[in-house]
Structures are given as C-alpha cells and as structure tokens.
Number of protein chains: 2
Amino acid sequence: MEKIYTIKDIAELAKVSKGTVDRVLHKRGKVSQVALDKVNAVLDRIDYQPNLIARNLKNSKIYRICVLLPNPKNDPYWQPCTEGITAAKNEFKSFNIAVEIFFFNHNSTSSFLEMNEVLLKTSPDAVLLVPLFYKEALGVIENYNSLGIISSTFNNQLQSSAIKSFVGQDLFQSGRVAARLLDLLLQKGLVVIIHIDEKYKNAVHMQEKEKGFRNYFSELGGGKFEILTCKLKHPQFNIKLTDFLNMHSNLAGIFVTTSKAYQVAEITSKIKDKKIALVGYDLIENNIDYLNKNAIDFLIHQNPKRQAYLGITSLIEYFIFDKEIPSEQLLPIDIVTTENAKNYMI
Amino acid sequence: MEKIYTIKDIAELAKVSKGTVDRVLHKRGKVSQVALDKVNAVLDRIDYQPNLIARNLKNSKIYRICVLLPNPKNDPYWQPCTEGITAAKNEFKSFNIAVEIFFFNHNSTSSFLEMNEVLLKTSPDAVLLVPLFYKEALGVIENYNSLGIISSTFNNQLQSSAIKSFVGQDLFQSGRVAARLLDLLLQKGLVVIIHIDEKYKNAVHMQEKEKGFRNYFSELGGGKFEILTCKLKHPQFNIKLTDFLNMHSNLAGIFVTTSKAYQVAEITSKIKDKKIALVGYDLIENNIDYLNKNAIDFLIHQNPKRQAYLGITSLIEYFIFDKEIPSEQLLPIDIVTTENAKNYMI
DNA sequence: TATTTTAGTGTGTACGAGCACAATTTATCA
DNA sequence: TGATAAATTGTGCTCGTACACACTAAAATA
C-alpha cells in the first residue's frame, strides 16, 4: 500500500502553496514556468489520486436525473427496473443526487411524448430512458441534446450521436444463443421464430434477435433444420397459432422473441403426443410457471434490473466522481432453466 | 427529493449545540433528559441520514484487509479472483483501505498454513480467504477470531460461527442445474458423475454437487436414466477413463464436478460413432476450447471474479460505511454455452 | 462560606479539495 | 525613481462529521 498523497503533501514537496498546486492540477489561472516545473516534477514522481470524497463534500449542486420508463402496470417486464433504480438511489443517498421516475404506456407514443413534457419541466441534468419508439425517441433525445441534457438509454439500442450511453444486451448474439439452445435440444425438423404483438417494423429488437437466430443456423449448415418466421397478434392469436401447429406436423422447436412465450406455452403444453421445444425471454411470472411445468425449456434473462441500475449509476458516478460514462455496456446473456431461475429473481 | 438534514440542522431545530446532538446520536457522554427529549423529538420528525462521506473524511485509520488465495499459477481458475480484488481496490482507492493478496499452493496444506503466518505478521483487521482445506481452514479461522480479526470466506462454504460472511454458489443446486441440462439434452441412458483429482473425502464441494445431481434424477423418476459415480486421478486418468468408456456402451452423458472437464473432452471428442453429452465447470481456456469444438455442451460458471469482488467489497463497506456484512451471498448459477461464453469472460 | 467535583453543554478544529480573495512580487509607464 | 498595473502566489474559508477541550452551573465536600 503506497502512501496516499494530498494536495498539501504535494505543495510541501514542491515548496509552493496548495493554491499553486491546485492551479496546476486544474489548469486554472496563471502559474509561472518555475512553479509549474516544480509541481510537475513532484507529480511525475508520485501517483496523486484526488480524494473524491473531499471533493464532493464541498459540492452543493443537486444533480437531477430523470428516468423515463414504460409503466410496469401495463407490462410486468419493467417492474425490476424500478427496483434497480431504487437500489442505486439508496446506495448514493449521501450525495447530492435527485432521481425521479416517470412512467409512460408502452403502447402509446403520445403517452411517451406527454410524460417527456412533464419530465422536462423539472429541468433535469440527465435523462435515462427506454427508447421504445424509434422515431419519437430520436426526436426527444435530439431535444435533450439541444437543451444540454445528457441522455442515456437502456434495453433498446438506438443509433444516435446524442446518446451518451447504452446499457443492454447484444440482441443478435442473444438470437444466436436461442438458436444454439434449440440446436442442442433437437436433432432436426422445423423451427419457428414467433414474433408476438408488437409491430415488427418498429421493433428493431425482434429483428435483431431473428437475424442472430437465423445466422446461427445458416452457419451450422447441414440442412437438418428448416426455419420459418411467424408474426402473431391478438386477438386472433390462439386460433392462428393452433392453425399453424396443425399445418406443420414436423414442428420441433419454437423461439419466441418477446416475453410472451407463456402465450405459446399455453397452447403447446396441451399437445399430448409430442414435446415441442420452446425458448423465450424474460423471467416474468407467467413464463416461470410454464418453465416449471416443462412447457418452456429455456428463458433468456435480459436482466432489466441490472440494466437500469447500471444506467443510473454510470450517470451518478459521472456527476459526482467525474467518471467517464461507458458508451456501451453489454450484459451477459443469461440462460435460465427450472433449476437456476430463483437465483436471477432476487 | 426530501431535504437532507445535517447535524447542524438538527442542533438548530432542537435548540441545542451540535455537540449535544452528536452525543445523542452516538450515545457518547452525558446528556440531560431535557436535551435528550428535545433532540429525539427532532429526530423522530425528520429522517436523518448521516453523510458517510464526511464521516470518512475525518477517519485516519487505515484498515488492512488480507486475501488468502490459491495461486493462479498452479490453477488458472483462481486468476479472475485477483482481477476482482484489483477492481474493488481501484473503486475504493480514495478510502483508507489497504488490501494485500497472499497466495498459497492449492495442493499443499503446509503452504496454506505458512502463508497464513506471513499474513498474520501484517496484523490485518480482516481476512478474506478460500477455505480449501477443511481442517486447516477451521483452525486458522478460530485463530483469527481469538485475535479479533474478522474472517470472510468465498468459493468454499464452511460451517463456523467465527465466519462473518460467505460468498459463493449453492453447490447442491448447481448439481441440479447440471442434471437438468443433461435431462434436456438426453432421452435416456447411462449418466456418469466424474470427480477428478481431488481427494473426494476432503472435497465437500464435489460431494454437494453430486448430491444435487442425484437428487434431481431421483425426483425425476421414470427410470430412464442410470446414474454412476466415477473417481479418477492422475496419472492413470486417461487409461481408466478409456476403459470405463469401452465398458459402458450405453453411456449418454457425463457430469464433471470440477474445472477439469477438458480432460474428459479430450478423450470423448475422439469417439466418432456417437456424441456423449458433457457438462462441466468453469470458463478456463481449455474448457472454452472444447466448448467451441462442441465436445463440451455446457459449462457452469462459478464467477470467481465476482465472488472475490463481493467478498472484499462487503468488508470494505463494513469498515468505511458501517454497512452490515451479509452472512451469505449466493451468486446465480450461470449456464454457459458457445454463444454466450464471451459475455462472462470480461 | 470557600473550594472542589461532577454533570451537562458549547466551541473549535481536523480531514482534503476547491475556490474566492488577499498579499506579494514583477513589469510597465509617467 | 515612484506610482500603478499586471502577474503570480499564498491564505483562509466552506462542506458535514467526529472528537478534544473549554466552559458553565449545580452539587458535594471541607
């Protein structure tokens, strides 16, 4: 353990005042060449690490961070996000940070824009948002940028130079993981990618997953598997899926690109004469139920709690510790089966 | 965002001096009933959160934490641990914490005891250790206890009231995960548990994994699978395993309870006429190689980096923030296959 | 009553960084 | 040379907590 040097130490070693050392360190004000050399000589010799604690103590500005999030009441997938935010809030409660969450309806672009207006009235220093709607999110983020508000995203990746940070998963790779799992479970046959509910064109995440999934099988070659894509929407979901199942007797596996695998499991679990392999996303209650009933084989965990937690802590540490915000944080693609599900649900 | 109260605020509200507030908060010195009531009245009304940062600024004691770890040079499994320690060290470099790592040979109890003596000479406040050797570790920990040194463990769980904290995985459940994976991969046949190298009697971790593994299959019932246990040791490892394979033509799957699955894969990958499913532990280079060659189907990630990181940060936060040390932190049992391996190796 | 003891309370300072401002030195001009 | 401006450097305060120390007033003792 090396000695921890303070500005006072440096000042004494360089035989100048701590004010001068401060000016050299922060390139603030005028310093003579002689003094500059003396201080730099000391700085070269030792490893000075400013005490972030002491620095922050003086800082009286309260940083405002707003979170713009789909309402968990409409889709339980988002529930863990608020928990992640709360955890981060607690961890940094000694610091001058104010975090506020704003919920929008994940089906309504207007609700998204509306809540954004409400949020803007609190004049935040940064916004952490889920850019669910491509076009609208881009506009909102451009606006933040022009207002000097930092914007970070999570869960959905959006290409924009105005975005400081993204936390999420590599969805292409996630599709490959799903493909790998079905490849391990199955010998041959028809494999179907099912997209449920959301508009395919607007949902880049589903497209990326499909690309990765197909990429795995095309690399695999061998012609053992046939891949089909199927887009299903409520309210005719049940009928259409049942029809599809009846029409394809060689169906061996299904990959559901959203958290709605339980809707598929509800139907496939009733088929008695054969077992259809099923891989889906997210540890929501309905999915876990069917996982435990063996109607779903694997779930891929997107870890929304950790995504939100990392998104918010990067911002907090940027404000209070001057830490660099990582432009991209990719989380591991967790594979979940009956036996290890509990560990991920804490 | 509620107002953040300081001791000065409380003093003004209660119309006493900050010294008196301090005495009430820390139950230090004598305070009259009148003053006590006044301060408590204010404390009841507001939510006072002491500023941990300012508190720490004053504290000049340097806390010494020693880490007692198997040498990664002898077994690469331990390499990530040092990285986890270093990460924690960096994160808390502004605080008065000195962390020092001591390596012992994972095959030698005497090296363990020897390094422990060296470590003790630095008179640490806490020790984080891997209690690889049951009997010796217990003795060492008892000794720490009598010296007033806090002891935390990770990777291997040891029952002792002298241990403040354990970070690791539920190994029984980890065995069940392995069983589940083989169940999903296979229809029926012989499944073998292979213990490699270590003395079975001393290695509680292998026993726990086996118990969980067998527990899953006995709960499953149905009589589709037959389970056998096999203990193999160098140098006759290759011959014995080859013999075993020849003798059991119905062998369908193998579960290796240590990080040595690659040694099994080396042999099973040469069998051309059939594929034997293989599940093992740990993302070491040799294992990853065989995973990518499809000779290993799944690896279970024990996340030694995070184990060490959590173990050390709990201690640090106890010392500098007075946080409670969680007596047990169980990490998720990560399932790794070719496609998601990279994510876990950062 | 004078002096000492003790309970209770308030004041002041350190910690390290940052920054305003005062103090000093050096340069410029009349 | 003296006065003034400019450049450079040093001092001192703040942040919130913890703790040493000084102080007051009442109680106990001589």
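Throughout, protein chains are lettered first and strands after them, A, B, ... in sequence-line order, and every chain is numbered starting at 1.
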*Asks:* Nearest heavy atom decides the nucleotide; on that basis, is B/Leu52 or A/Thr20 closer to the 5' end of DNA chain D?
*Replies:* A/Thr20
*Asks:* CD1 of A/Ile320 versus C1' of D/dC15: gap in Å, rounded?
*Replies:* 15 Å
*Asks:* What contact category does B/Tyr5 fall into here, base, sugar-phosphate, or nothing, at under 4.0 angstrom with non-hydrogen atoms?
*Replies:* nothing
*Asks:* If only side-chain N and O atoms count, and only distance matters, is there a donor-acceptor pair under 3.5 Å linking A/Tyr144 with A/Asn116?
*Replies:* yes
*Asks:* Considering the options A/Tyr318, A/Phe95, A/Phe319, A/Phe92, which one meets the ring pair (Phe, Tyr, Trp, His ring centres under 6.0 Å) requirement together with A/Tyr63?
*Replies:* A/Phe319
*Asks:* Which residue, A/Lys164, A/Arg64, A/Lys61, forms the salt bridge (charged side-chain N to carboxylate O under 4.0 Å, His left out) with A/Asp125?
*Replies:* A/Lys61
*Asks:* Reading DNA chain C from 5' onward, which residue's closest nucleotide shows up sooner: B/Ala54 or B/Arg23?
*Replies:* B/Arg23
*Asks:* Mark yes or no for a side-chain to base donor-acceptor pair under 3.5 Å between A/Lys18 and D/dG12, with no hydrogen or angle criteria applied.
*Replies:* yes
*Asks:* Give A/Asp22 one of three labels, base, sugar-phosphate or nothing, depending on what nucleic acid heavy atoms sit under 4.0 Å from its own.
*Replies:* base
*Asks:* Within a strict 4.5 Å, meaning less than it, do heavy atoms of the A/Leu68 and A/Leu119 side chains meet?
*Replies:* yes
*Asks:* If you measure only the distance, is there a donor-acceptor pair under 3.5 Å linking the side chains of B/Glu317 and B/Ser314?
*Replies:* no
*Asks:* On DNA chain C, compare the nucleotides closest to B/Lys58 and A/Lys58; which residue's is nearer the 5' end?
*Replies:* B/Lys58
*Asks:* Would you indicate, yes or no, if D/dG10 has its OP1 or OP2 atom less than 4.0 angstrom from a side-chain nitrogen or oxygen of A/Ser17?
*Replies:* yes
*Asks:* Given atom CD1 of A/Ile53 and atom P of D/dT17, what is their separation to the nearest angstrom?
*Replies:* 14 Å
*Asks:* State whether B/His26 places a side-chain N or O below 4.0 Å from either non-bridging phosphate oxygen (OP1 or OP2) of D/dA18.
*Replies:* yes
*Asks:* Using the ring pair (Phe, Tyr, Trp, His ring centres under 6.0 Å) criterion, which residues pair with B/Tyr77? Sequence neighbours excluded.
*Replies:* none
*Asks:* Can you give me the first and the last nucleotide of DNA chain C (5' to 3') that has an atom within less than 4.0 angstrom of a non-hydrogen atom in chain A?
*Replies:* C/dG16 to C/dC19
*Asks:* Between atom CD1 in A/Ile7 and atom P in D/dG10, what is the gap in whole Å?
*Replies:* 14 Å
*Asks:* Answer yes or no: is there a side-chain heavy-atom contact under 4.5 Å between B/Phe102 and B/Cys66?
*Replies:* yes
*Asks:* Rounded to whole angstroms, how far apart are CG on B/Leu25 and P on D/dG16?
*Replies:* 15 Å
*Asks:* Would you mind telling me which of D/dT17, D/dT8, D/dC13 lies closest to the side-chain atoms of A/Ser32?
*Replies:* D/dT8
*Asks:* Enter the inter-axis angle for the ends of the helix from C/dT1-D/dA30 to C/dA30-D/dT1 (five pairs per end, rounded to 10°).
*Replies:* 80°
*Asks:* Could you tell me whether a side-chain N or O of A/Thr153 sits under 3.5 Å from a main-chain N or O of A/Ser165, the two making a donor and an acceptor?
*Replies:* yes
*Asks:* Would you tell me whether B/Tyr309 and B/Asn303 have side-chain atoms, one donor and one acceptor, within less than 3.5 Å of each other?
*Replies:* no
*Asks:* Whole angstrom is fine here: how far is it from CZ in A/Phe95 over to P in D/dG16?
*Replies:* 13 Å
